[in-house]
There are 2 protein chains.
Amino acid sequence: MEYSHKLIIDNISRFIDLTELEKQKYISLLTEIKVNKKTYLMQAGDITKYEYFITKGCLKVYTLDVDGTPHISMFAVEDYWTGDIASFITKQPSRYFIRATEDSELLGISRANYDLLFQEIPKFERFYRMLYQRSLISYIRRSNHGISLTAEERYIEFKKKYPNIVNRITQKDLAGYIGITPEFMSKIISKINRL
Amino acid sequence: MEYSHKLIIDNISRFIDLTELEKQKYISLLTEIKVNKKTYLMQAGDITKYEYFITKGCLKVYTLDVDGTPHISMFAVEDYWTGDIASFITKQPSRYFIRATEDSELLGISRANYDLLFQEIPKFERFYRMLYQRSLISYIRRSNHGISLTAEERYIEFKKKYPNIVNRITQKDLAGYIGITPEFMSKIISKINRL
DNA sequence: TAAAAGTCTTAAACTAGTTCATTTTTTTTC
DNA sequence: GAAAAAAAATGAACTAGTTTAAGACTTTTA
């Protein structure tokens, strides 16, 4: 089996067991996608065509506010799922941009194939139930941190939770994720280094 | 059928169709719970025993930070699901309190019955997939608002999204949800009223 | 129904985080 | 590998939101 297919099957197998036939069927529903560094996987206004699984590289998911300031919703690296679930489900235009910060490779499942998947292999209901459950837990935590922690605390949390991502992204993008300006991010880091 | 049971079955029927037998089976897995105003449904340190559906009343879900300041994660009224999904799933102690702000009635599903449910009526995988998907969409949005909107904008958003909840909660609790002090909440409201 | 407890308002002094402007350092591109 | 572009650092002036404190208003409780 191809490396990227092994990666996605391993990811799914953490939650459900698939027969060889089911694995093949599932893989047949996927689309391979490559995006070069600095190019867009999707842009605000698009109706999201796929949910993505990253097999190589790094991407950022973000919105632009009225001032044009980017606010980063998530970073996605190998073995992560990403996309804009709201636009994917409702088929309404997205408010998000997804841009590669490294040359990246992804597997996408289209909305039509996503719907088909549940008919063909109902076990995937369980997989997505568990995947969404986990995402939900981490977004609940993140939204609580947003209202209860200082910027410095959120930075420390991020480093603790995503040690493997910190070194792959710019300080500026991290500021956009934490919810502060790059200048203040710089101050926080220099303060921590001074101690 | 009892009113509370009708309410929960209607809620579920938005996503999946159940036979009469399945409805009865499902209802048999539920526990009825009443909590008086100002009393706790659960407290930090508890391992969450149930996921709850509210049939009457209003509750707040919150944490206390190191200073003892409450940060409100959600308000739950009739036809809402609540609990601490992280503690429920991982069986680790919760960091949340859930307290009734009105005399309330709930239906709870225990962890054991939740697991049993998927064996007995696999269709519920789909129901929870869709329930979590919706919650996820709204928490993604909330965590983005936390990092990109001002307190005043978050207040306006809240009123727009939950017009039926605003009048049932105190300004102080709303401040705890928005992520600001009650004093600043008061300023925002008096500023808006002045305009 | 009076007392107690909690909520809301206002204001002054404060602090976390922003804005704007400039310089240095690093990365990208040709 | 030089030039251009982007990221990072620093600092001064600013603003959104906090803290503390005190008084008025409302709700709860005995």
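Using bins of under 30°, 30° to 60° and over 60° for the plane-to-plane angle, the ring pair F124(B)/Y128(B) lands in the tilted bin.
None of K38(A), K37(A), R168(A) except one satisfies the side-chain hydrogen bond (donor to acceptor under 3.5 Å, both in side chains) rule with E102(A); the exception is R168(A).
For the pair E102(B) CD and dT27(D) P, the computed distance is 14 Å after rounding to whole Å. Atom NE2 of H71(B) and atom P of dT18(D) are 10 Å apart (whole Å). Protein atom OH of Y155(B) is 15 Å distant from nucleotide atom P of dG17(D), rounded to whole Å. Summarising the geometry, the separation between CD1 on I147(A) and C1' on dT18(D) is reported as 16 Å, rounded to the nearest angstrom. Atom CG of N193(A) is separated from atom C1' of dT10(D) by 15 Å (rounded to the nearest Å).
Using a cutoff of 4.0 Å between basic side-chain nitrogens and carboxylate oxygens, D173(B) and R99(B) are not scored as salt-bridged. Note on K6(A) versus D10(A): salt bridge recorded, some NZ/NE/NH1/NH2 to OD/OE distance being below 4.0 Å. A salt bridge links R111(B) to D115(B): one of the charged nitrogens lies within less than 4.0 Å of a carboxylate oxygen. Between R154(A) and E157(A) no salt bridge is recorded (no basic side-chain N to carboxylate O distance below 4.0 Å). Salt-bridge annotation for E20(A) and K23(A): present, with a side-chain N of the basic residue lying under 4.0 Å from a carboxylate O of the acidic one.
Less than 4.0 Å separates DNA chain D from no heavy atom of any residue of residues 156-175 of chain B.
In the model, S94(B) has no side-chain atom that pairs as donor or acceptor with a side-chain atom of S87(B) under 3.5 Å. When only modelled atom types and interatomic distance are considered, H71(A) and N144(B) share no side-chain donor-acceptor pair under 3.5 Å.
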Does the protein touch nucleotides 24-30 of chain C at the base, only the backbone, or not at all? Give it as B, S and - per nucleotide, heavy atoms under 4.0 Å. ----S--
Nucleotide-resolved protein contact map, nucleotides 15-20 of chain C, B/S/- at heavy-atom distance under 4.0 Å: --BBBB
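Listed pair S190(B) / dT10(C) meets the phosphate criterion, a side-chain N or O lying under 4.0 Å from OP1 or OP2.
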Before giving the answer on ring-ring contact (aromatic ring centres under 6.0 Å, His included), spell out for Y62(B) and F97(B) the whole-Å C-alpha distance, their side-chain angles and the decisive distance to 0.1 Å. CA-CA 5 Å; Y62(B) 63 97; F97(B) 296 83; 5.3 Å; yes
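With ring centers used as reference points, Y162(A) lies 6.0 Å or more from F75(A).
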